[in-house]
Structures are given as C-alpha cells and as structure tokens.
Amino acid sequence: MRYISTRGNSESREFKEILLEGLAPDGGLYVPEQYPKFTDAELDDLRGKTYQETALNILRTFITDIPEEDLRGIIARTYTKEIFGTDAITPLKHLEKGLSLLQLSNGPTLAFKDVPLQLLGNLMEYVLEERGSELNILGATSGDTGSAAAYALKGKKNIRLFMLSPYGRMSRFQQRQMYTLNEPNIFNIVVNGTFDDCQTIVKEANADAEFKKKYKLGAVNSINWARISAQIVYYFYSYLRLTKDNSKRVAYAVPSGNFGNALSAHIASKMGLNIEIIVCTNENDVLDQFFKTGIYRVLKGNDVKITSSPSMDIASASNFERFIFDYVGRDSAKVRVLWKELNQKREFDIGRIEPRVPFGITSGSATDAEVLDTIRIVYKKYAVVIDPHTAVAMKVGLEKCEKGVPLVVIETAQPAKFADTIREALGIEVPAPKGYENLANLPEKTTRIENDAELVKKFIEENT
Ligand SMILES: *Cc1c(COP(=O)(O)O)cnc(C)c1O
C-alpha cells in the first residue's frame, strides 16, 4: 500500500515513511492510494474474531511494509486487557433494543484517543529502533491529546515528548492526570498563555528548519494516518458483533471535532461495512453546517466557543480535507482550488447539493443546555452516567436515527474526567475510576514557561 497526498504534488510513500511525518510536502494530507475492500465472505470470516485478530486483518491492509509477524506482536502488546480493562478492548454496552454505547474510553487516560495513540507509540518505537534514530515529539494540548500521548509514549525507547499546555485551562482531572506522570522521557511544559499560543509555539519551532532537523522534531497530531487506521478497527469489530450478516445496516453517532473519528467511519464504509454515519458537533458546528449546506466555513480562533465538551471545541476540522478529496472523486486539482479559496476567504462552497443526505452522512449539533438534559435523561432511563462529549452524540443520534436501524452511540470519554458538568446535570459526584483514586495526592512534574518559542526551544536543547 502506498500513500498519496490530497494535493497531488508529492511523491507517494510507504506507511513507515509517513508514520513520523505530519503534512505531505505539498501541504496536503496523506491518504491510501486506494481503499482496501472486504467482500461479504471476508467480512463473515472476521465475524467472531477477537479485537486483536480483527485489528491485524484491517491494519495489515494499510501497513504492508512491516512483516506480518512483527505487526501481530505490536498489536498484541498494545491491545491488552491490562491496558484497556476488558478483553473486548472496545466493548458494546447495550442500553435497550436498537441502542448501545460503543465504549472507547477504557484506556489509561479514560478517553478514546488512547485507542489510536497506544498503537502509535509502539509503532514509532519499532520504526525508530529499526532505523537506529530518535525523535523529539513537540505538541500542544488543551485536553485529552496531551495525556493520551504521554501515556502512549512513556518509557518508549528513543522518543521524548515535550507537551505544551495552557496554564489553568484544562479540567482538574485532565491536569492531574497529565502533570503527575513522572517519567524521564515526558516533559510537561505549562505555558503562561492560551491553547492558541501553545500551537503558535509549536509552529514557530517547526518553522526553524535547522532546529527541527538538529533536534529531530516530530508530531503525533490528529492528522497522523496511523491514528486514523487504528480507529477503523473498532467500527469493523463492533459492526460484526452486532450483526449476523452484512445486509443489516447499523448507524453510528460520532462526537466530532477534528473529524478523525468520523473519517475512520467513512473509510470503514468505503471498505465494505454497511454503516451509516451521523456526525455530531457541539456549538462549534462547522461540520454540521457543512453537511447541511455544502458550505465549509471555519471559525476565527476568538469565535470558538468554550463548551462542556472541550475536545470538540475546534475552529476547523484538521482531517476534513481527506473527506473532501474522496467527495470530489479524488481530484487533487479541485482540492487545491478549494483550499486556496479557504485560505483566502475562510470558506468554500462545494456547490449544489442534493436534498437528502447529500454526502451519505447526516449531522446535527447540541447546545450545552441540551447536553445537560441528555445526561439527565440517560441517567434516569438507563442508570448510566455519560460524559458531555458522548451526550452530544446521544442527543443528535437519537434525533437523526431512522426507525429499524440500530443506533450505536460512540462513548469517547469517561464522566469522571468532567466532574463539574456531571455535578451540574445530576447533582452527584462521579467516583474516580479504579486506579485513579490517588491522583490528587501524587506530586506534579511540570515546567512553567513564559509564552515564548525561544524559551521552549532552549528547554528542548537542555533536555535532549
Ligand atoms: C478528540 C475527542 C473527540 C473528537 O474526535 P475527533 O476525531 O477530533 O473528531 C471527541 N471526544 C473526545 C472525548 C475526544 O477526546
């Protein structure tokens, strides 16, 4: 399998080559040259297989430059009951006939990003060892990405992680979880500034070509192809568990921000799964607006609302270009025109769209008030506490689902991470999950730094 750029002006590459890279040199995103297809017979063969076997069968179609036995070992080390809490890794929780939760948040940081990032950490370690080289990952986080990356990379050989976070802006649980990780290769840099400031520092450090080369800077952000491919697995695994044959349709309500998770569902459907996708956004509804009107209009940084589902508070959706590439028939010239327009006018219009479900994708959004209501309704009806991100998907999913099509709502975080919202909705304290009771008493390992890229670069120099 080779990977091409959505903008069409970069050489095609293999999986291991794009693993450690961000954007393609022409500014586009890497996508597989074509999507692997599974026939009904092949899908039937996968039905009943374990998570690990399913993962191997999906991932070996995308990762053709790592020997299958090695890939099997990497998957076996990544998706364990010890790390993800259950043998099913991503279990389905039945709520009532035709309605279930797909639980993606049982990993070490209690959010769905563990599923792709735990795999990415092991893949990176494997490739760096093979090459005899090392990597310094520089990233910025406002919430789940930072801790998921830290728990995925801790103790990994030849990798250091420098993670910038804005001072005092994450939930208490998120801060404690990330800052108490005491590992020699993980550096928490707390910046006196906003998340945007942190992102600007990352951009500036990467723009210094000499520095980037000398300190072997890398990234683990949401456009990383390995992350997308790892997320395709749980759509196959859950669909095959819910159905007896492939004629049955299943709808997935996906809480969406950067469009990584929903893109993985879109690719799973292109690969042969009979699924419907419902894209669910909070009040930052650029994706919902697009799927309703065909107009993609990104927000200015200042216009991004702070909601109770912070991991979906985005100004633009970084993976969206991959979807548009498919929509325009994989015509890179069209993608280049659209993104040029986007850079100039902050929006593009894809043109006339058909009246109903024009993209094979339905969408909707939820306000913070609706999120609170939904948390209450679900608790009352099923005695289950869901987090605000999952509540966005529950609200929109129930609104948009069709009669007779089973609905799977994707659970992307545990409620304990967002205790304030749960208290507001239900008036109860969610107990800390097992193993996290002591979080409040652990010492923190952080470095506080002024909002200045030069100081961050100096810190990296001193610690490599
Ligand atoms: C990252 C995240 C999302 C959004 O996923 P995307 O792939 O960026 O669309 C939703 N919920 C939680 C809890 C997350 O951490």
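Counting begins at 1 with the first residue of the sequence. Just the heavy atoms: all of them, side chains too, but no hydrogens, waters or symmetry mates, feed the values below. Counting convention: from 1, in listed order, for ligands and their atoms alike.
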Pairwise, report which nitrogen or oxygen atoms of ligand 1 are under 3.5 angstrom from protein nitrogen or oxygen atoms, and how far apart they are.
unit_1, atom_1, unit_2, atom_2, d
ligand 1, 7 (O), Gly260, N, 3.1
ligand 1, 7 (O), Asn261, N, 2.9
ligand 1, 8 (O), Asn258, N, 2.8
ligand 1, 9 (O), Gly257, N, 2.7
ligand 1, 9 (O), Asn258, N, 3.3
ligand 1, 9 (O), Phe259, N, 3.0
ligand 1, 11 (N), Thr412, OG1, 2.9
ligand 1, 15 (O), Lys113, NZ, 2.6
ligand 1, 15 (O), Asp144, OD2, 2.7
ligand 1, 15 (O), Ser311, OG, 3.4

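- Tyr167 is linked by a side chain to side chain contact (heavy atoms under 4.5 Å, CB included) to Val190, Asn192, Arg448, counting only residues two or more places apart in sequence or in another chain.
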Give the table of side-chain donor-acceptor pairs shorter than 3.5 Å for residues 296-304, with sequence neighbours excluded, one pair per line with atom names and distance.
unit_1, atom_1, unit_2, atom_2, d
Tyr296, OH, Ala317, N, 2.9
Arg297, NE, Glu347, OE1, 2.9

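- With salt bridges taken as basic N to acidic carboxylate O contacts below 4.0 Å, none links Glu183 and Lys445.
- Of the listed residues (Leu102, Leu398, Leu99), just one forms a side-chain contact (heavy atoms from CB on, under 4.5 Å) with Val409, and that residue is Leu99.
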Original post:
After noting the C-alpha distance and the side-chain angles of Thr281 and Asp288, does the key distance pass the side-chain hydrogen bond (donor to acceptor under 3.5 Å, both in side chains) rule?
Top reply: CA-CA 6 Å; Thr281 63; Asp288 181 29; 4.6 Å; no
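- The stretch residues 262-278 participates, sequence neighbours left out, in these salt bridge (Lys or Arg N to Asp or Glu O under 4.0 Å) pairs: Arg249-Glu276.
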